[in-house]
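Below: one structure in structure tokens.
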Amino acid sequence: MTMTRSGLAVLAMAVLAVSAPPKAGAEMASSPVMFAAHRAIYELSIDSTTPGSGVSAIGGRIVYELTGSACEGYAQNMRFVTVTSNSEGGSQTTDLRTSSWEQVPAQKLRFSSSTYNNDELAEQARGTAQRSGLQDAPAVDLAKPEKKTFSIATPVYFPMQHSTALIQAARTGARHFAADLYDGSESGTKVYSTSALIGRPVAPGAGSIKALAGQKSATALDAVQSWPVSISYFAQGVNAKHKDEIPLYEMSYRFHENGVTSDLRLDYGDYALKGELKELTFLETTTCPVDKP
């Protein structure tokens with residue numbers, strides 16, 4: 001199973017701007033959630049396998065970029081490449097490329113994704129999801145893999161909206177956050193039920209990222225608090241009906257309040273990958289105009 005956009009979207013968590021000082025208590029919990037524009041590169045390696053998985057080695061890289069602002073919307077671009085070797089000596093290269101733009105507030109989502117196996121196109125989705133209000137179920141207009149228009153039966157979160165809600169929950173000290181998520185994954189028709197566990201906050205300066213030592217971005221990253229987060233992804237409605245259901249996959253990471261994630265781990269059941277944050281560049285953040293009285 002390749003990584004879907006829903007899991008990768010969590011790499012872009014809604015956060016305070018990098019230059020904003022940490023806040024405490026009710027002020028921090030109620031302050032506006034924004035995103036820090038950045039580019040992050042993660043080196044992937046195998047973390048564990050189960051007997052009979054047939055996987056002998058996996059290596060790869062994720063390059064992720066987030067840009068935009070609350071007034072012009074947020075854009076995400078990601079490339080996720082893995083080379084998997086099996087116990088019989090064969091190998092496969094999987095190349096997932098995604099891009100999206102999400103309006104703020106989350107009333108419109110444009111998405112596009114393509115998956116290549118050994119340089120051959122295996123899966124593609126492109127379309128737009130829209131709704132009148134944040135509590136409304138969205139209508140989806142698909143262009144790929146085939147032209148199709150449909151409505152999602154229940155209200156869902158879009159990716160950045162989901163990230164915003166997750167960080168707001170973390171700020172208040174919540175330990176669990178559950179929500180249905182739509183991001184245009186796979187054929188563009190899939191909705192996930194997600195269940196997130198949020199750990200205790202890590203204070204600024206309490207855990208520097210060793211792989212970033214010497215990089216200019218390391219100081220900014222070290223200056224904000226973070227949370228350990230683990231998110232399980234289920235087929236829509238499954239987790240609510242069957243509490244002991246095995247998730248489709250799980251994603252855990254350290255979630256920094258400037259939007260960056262580190263200590264990444266992706267668990268697909270038969271095998272798990274770890275992703276080490278090797279390079280981090282903070283990009284120019286677009287400033288929204290201030291309304292004058």
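Predicted, not measured: the structure shown is a model, and the values here were computed from it.
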- Sub-3.5 Å donor-acceptor pair from the side chain of Glu43 to the main-chain atoms of Glu276, do we have one?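 Side chain of Glu43 to backbone of Glu276, a donor-acceptor pair under 3.5 Å: no, none is there.
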- Task: Let me see the working for Ser217 and Arg39 under side chain to side chain donor-acceptor pair (under 3.5 Å), right down to the final yes or no.
- Result: CA-CA 11 Å; Ser217 59; Arg39 181 185 300 111; over 6 Å; no
- Task: Rounded to the nearest 0.5 Å, what's the gap from OG1 on Thr172 to CD on Gln168? Could you check?
- Result: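 Between Thr172 OG1 and Gln168 CD, I get 9.0 Å after rounding to 0.5 Å.
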- Shortest non-hydrogen contact between Leu121 and Ser114, atoms and distance: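 Here Leu121 and Ser114 meet closest at CD1-CB, 4.1 Å.
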- Do Val156 and Trp101 belong to the same hydrophobic cluster, where Ile, Leu, Val, Met, Phe, Trp and Tyr are linked whenever their side-chain heavy atoms lie under 4.5 Å apart, directly or via other members?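 They do not share one cluster, since no chain of ILVMFWY contacts under 4.5 Å joins Val156 to Trp101.
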- Task: Provide the closest heavy-atom pair for Ile62 versus Met78 in the form atom of the first, atom of the second, distance.
- Result: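 Residues Ile62 and Met78, closest heavy atoms: CG2-CG, 4.1 Å.
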- For Tyr116, is the NZ or CZ atom of Arg97 found under 6.0 angstrom from the centre of its six-membered ring and inside 45 degrees of the ring axis?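 Yes, Arg97 and Tyr116 form such a contact.
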- Message: Let me check something: do Ile41 and Leu66 share a hydrophobic cluster, defined by ILVMFWY side-chain heavy atoms less than 4.5 Å apart, either directly or through other members?
- Response: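 No; Leu66 is not reachable from Ile41 via cluster members.
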- Query: Passes side-chain contact (heavy atoms from CB on, under 4.5 Å), Thr93 versus Asn118? Steps please.
  - Reply: CA-CA 5 Å; Thr93 300; Asn118 294 333; 3.9 Å; yes
- Message: If we ignore hydrogens and angles and just use 3.5 Å, is the side chain of Ser113 paired with the main-chain N or O of Gln124 as donor and acceptor?
- Response: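 No, Ser113 side chain to Gln124 backbone: no donor-acceptor pair under 3.5 Å.
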- Flag side-chain contact, heavy atom, 4.5 Å: Tyr233 against Pro247: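 Sidechains of Pro247 and Tyr233: no contact.
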- Tyr74 (side chain) donor-acceptor with Ala70 (main chain) under 3.5 angstrom: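 Yes, because the side chain of Tyr74 sits within donor-acceptor range (under 3.5 Å) of the backbone of Ala70.
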- Query: Rounded to the nearest 0.5 Å, how far does CD of Glu123 lie from OG1 of Thr115?
  - Reply: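 Here the rounded value is 5.0 Å.
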- Task: Evaluate the side-chain proximity of Leu44 to Thr82: yes if any heavy-atom separation is below 4.5 Å, no if none is.
- Result: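 Yes, their side chains come closer than 4.5 Å.
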- For Tyr42 and Thr261, does a side-chain donor sit closer than 3.5 Å to a side-chain acceptor?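 Thr261 and Tyr42 do have a side-chain donor-acceptor pair below 3.5 Å.
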- Item | Approximate separation, where rounding is to 0.5 Å, of Ser226 OG and Leu221 CG |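 One finds 8.0 Å between OG of Ser226 and CG of Leu221.
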- Message: Name the residue from Ser195, Ser232, Ser230 that meets the side chain to side chain donor-acceptor pair (under 3.5 Å) definition with Glu250.
- Response: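 In the set Ser195, Ser232, Ser230, the residue that makes a side chain to side chain donor-acceptor pair (under 3.5 Å) with Glu250 is Ser232.
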- Query: For Asp119, does the CG atom sit with more than 12 other heavy atoms under 6.0 Å from it, leaving out its own atoms?
  - Reply: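 It does not: Asp119 CG has 12 such atoms or fewer within range.
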- Message: If you apply the rule side-chain contact (heavy atoms from CB on, under 4.5 Å), what do you find for Gln236 with Thr154, and how did you get there?
- Response: CA-CA 10 Å; Gln236 186 183 28; Thr154 58; 3.0 Å; yes
- Message: Closer than 3.5 angstrom, by distance alone: can the side chain of Gln103 be matched with the main-chain N or O of Leu109 as a donor-acceptor pair?
- Response: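 Checking the backbone N and O of Leu109 against the side chain of Gln103, no donor-acceptor pair under 3.5 Å is found.
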- Which heavy-atom pair separates Pro204 from Gln225 by the least distance, and what is that distance?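 Reported closest heavy-atom pair: CG-N, 3.6 Å.
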- Qualifying residue, where the test is side chain to side chain contact (heavy atoms under 4.5 Å, CB included) with Phe255 and the options are Ile167, Asp263, Ile231, Val202: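 Answer after filtering Ile167, Asp263, Ile231, Val202: Ile167.
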- Message: Donor-acceptor check, side chain of Asn117 to backbone of Glu120, threshold 3.5 angstrom: yes or no?
- Response: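 Side chain of Asn117 to backbone of Glu120: no pair is present.
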- Does the side chain to side chain donor-acceptor pair (under 3.5 Å) test come out yes or no for His256 and Ser262, once each step is laid out? CA-CA 8 Å; His256 302 261; Ser262 60; 2.7 Å; yes
- Decide side-chain contact (heavy atoms from CB on, under 4.5 Å) for Val260 and His38; before the verdict, give the C-alpha distance in whole Å, the side-chain angles of both, and the deciding distance to 0.1 Å. CA-CA 8 Å; Val260 179; His38 68 278; 4.1 Å; yes
- Look at the side chain of Gln76 and the backbone N and O of Thr67, then say whether any donor-acceptor pair between them is shorter than 3.5 Å.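 Side chain of Gln76 to backbone of Thr67, a donor-acceptor pair under 3.5 Å: no, none is there.
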- Message: Looking only at side-chain N and O atoms, does Ser208 offer a donor or acceptor that is under 3.5 Å from a partner on Asp222?
- Response: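 There is such a pair (donor and acceptor under 3.5 Å, judged by atom type) between the side chains of Asp222 and Ser208.
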- Compare all side-chain heavy atoms of Val104 with those of Glu72 and state whether any distance is below 4.5 angstrom.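 Contact flag for Val104/Glu72 side chains = no.
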- Point-to-point distance, once rounded to the nearest 0.5 Å, from CD of Glu102 to CD of Gln161: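 With rounding to 0.5 Å, CD (Glu102) is 6.5 Å from CD (Gln161).
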- Can you name the closest pair of heavy atoms from Arg131 and Asp136 and give their distance?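 For Arg131 versus Asp136, the nearest heavy atoms are CD-O, 3.3 Å.
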- Task: Assign the ring pair Tyr157 / Phe177 to parallel, tilted or perpendicular, where the plane angle (0 to 90°) is split at 30° and 60°.
- Result: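 Answer is perpendicular, since the angle exceeds 60°.
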- Message: Quick check on the hydrophobic clustering: are Ile46 and Leu266 connected, directly or via other members, by side-chain heavy-atom contacts under 4.5 Å?
- Response: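 Linked, Ile46 and Leu266 end up in one cluster.
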- Task: Check Ser53 against Asp270 and note the closest heavy-atom contact, atom names and distance.
- Result: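 For Ser53 and Asp270, the tightest heavy-atom pair comes out as CB-O, 3.5 Å.
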- Do the non-hydrogen side-chain atoms of His162 and Thr164 ever get within less than 4.5 Å of each other?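 No. Closest side-chain heavy atoms not under 4.5 Å.
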- Task: List the steps and the verdict of side-chain contact (heavy atoms from CB on, under 4.5 Å) for Ile198 and Leu166.
- Result: CA-CA 9 Å; Ile198 307 169; Leu166 183 58; 3.7 Å; yes
- Query: Does the side chain to side chain donor-acceptor pair (under 3.5 Å) test come out yes or no for Ser193 and Asp180, once each step is laid out?
  - Reply: CA-CA 4 Å; Ser193 288; Asp180 284 351; 2.7 Å; yes
- Message: I need the Lys147 NZ to Thr149 OG1 distance, nearest 0.5 Å.
- Response: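 Between atom NZ of Lys147 and atom OG1 of Thr149 there are 10.0 Å.
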- Query: Rounded to the nearest 0.5 Å, how far apart are CG of Leu273 and OG of Ser45?
  - Reply: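 Taking CG in Leu273 and OG in Ser45, the distance rounds to 7.5 Å.
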- Message: What I'd like to find out is whether the side chain of Arg265 reaches to under 4.5 Å of the side chain of Asp47, using heavy atoms alone.
- Response: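 Contact flag for Arg265/Asp47 side chains = yes.
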- Linking I/L/V/M/F/W/Y whenever any side-chain heavy atoms sit under 4.5 Å apart, do Tyr271 and Leu248 land together?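 Yes; Leu248 is reachable from Tyr271 via cluster members.
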- Can you say whether the rings of Phe158 and Tyr182 are parallel (under 30°), tilted (30 to 60°) or perpendicular (over 60°)?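 Aromatic pair Phe158/Tyr182 classed tilted.
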- Task: Please report the shortest heavy-atom distance between Glu257 and Val224, naming the atom on each side.
- Result: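 It is N-CG2, 4.0 Å.
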- Do Asp267 and Met251 have side chains that get closer than 4.5 Å, going by heavy atoms?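 With C-beta onward as the side chain, the pair stays apart.
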- Query: Among the clusters formed by ILVMFWY side chains lying less than 4.5 Å apart, do Leu142 and Val191 turn up in the same one?
  - Reply: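 Yes.
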- Message: Any side-chain to backbone donor/acceptor pair from Ser185 onto Lys190? Under 3.5 Å, distance only.
- Response: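 Judged by distance alone, no pair lies under 3.5 Å.
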